[in-house]
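A quick write-up on the structure given underneath.
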Amino acid sequence: MIRLVLAGLWVCILTAGTSYAVAYWKENGSLLSAKDDYLEGLQSQKTRALSVPMVENGNVQGYIIARFTYTVDAKTMHQLNVPPEPFIVDEAFRKIYADERLDFRKLARYDLSILTAAIKQRVNARMQADVVQDVLIEDFNYVSKDEFQRKP
């Protein structure tokens, strides 16, 4: 019987000591200091695929399918309350949809550097800081309405 009481007391002491040690490490941040060095530098993120309808003569002719990658300072990224991805997707959609110079039948002639620079500039203006360092194009294709509706 005494062994059982001593074993129970030993478990209680061990549990209390472990809880104290974890609370002490969490409060002092000794385990988190190694992460600060890791957070330095640029971090890249990918946006979701974006499909922008191309309208001509009041009818949808097809869709521009685009996906972007953007780079952000890692420290800045972890301090943001809202990630920049929704702003990037929104600005890309607006720019592609409203651009009169975009001929969806001849995408090879479209200057993509103007598109990425405009997206970066507008996102940073909306976030009121230089958050986005660069916007890169991962995928940019035109799919006709017929091809889009056809499912293999």
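The structure displayed is predicted, hence computed values, not measured ones.
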Euclidean distance, L50 CG relative to F140 CZ, rounded to 0.5 Å: 9.0 Å
So CG of N124 and CG of D130: to nearest 0.5 Å the spacing works out to 5.0 Å
For H78, does its backbone N or O pair with a side-chain atom of Q43 as donor and acceptor, under 3.5 Å? no
Positive for salt bridge (charged side-chain N to carboxylate O under 4.0 Å, His left out) with D90, one of R126, K95, R122: R126
Can you tell me how far apart CD (E85) and NZ (K46) are? Round to the nearest 0.5 Å. 12.0 Å
Under 3.5 Å donor-acceptor, T71 side chain and D134 backbone: yes
Run the numbers on F87 and V132 for side chain to side chain contact (heavy atoms under 4.5 Å, CB included), then give the verdict. CA-CA 10 Å; F87 296 103; V132 177; over 6 Å; no
How many angstroms lie between atom CD of E91 and atom CD1 of I96, to the nearest 0.5 angstrom? 11.5 Å
Hey, what do you get for OG (S44) to CD (Q133), rounding to the nearest 0.5 Å? 12.5 Å
Are V52 and I114 linked, directly or through other ILVMFWY residues, by side chains that come within less than 4.5 angstrom of each other? no
Report yes if the side chains of Q45 and V72 come closer than 4.5 Å at any heavy-atom pair, otherwise no. no
Rounded to the nearest 0.5 Å, how far apart are CD1 of I88 and CZ of F68? 9.0 Å
Distance-only side-chain donor-acceptor flag, E138 / T69, under 3.5 Å: yes
Hphob cluster co-occupancy, V135 + V82, side-chain heavy atoms under 4.5 angstrom: yes
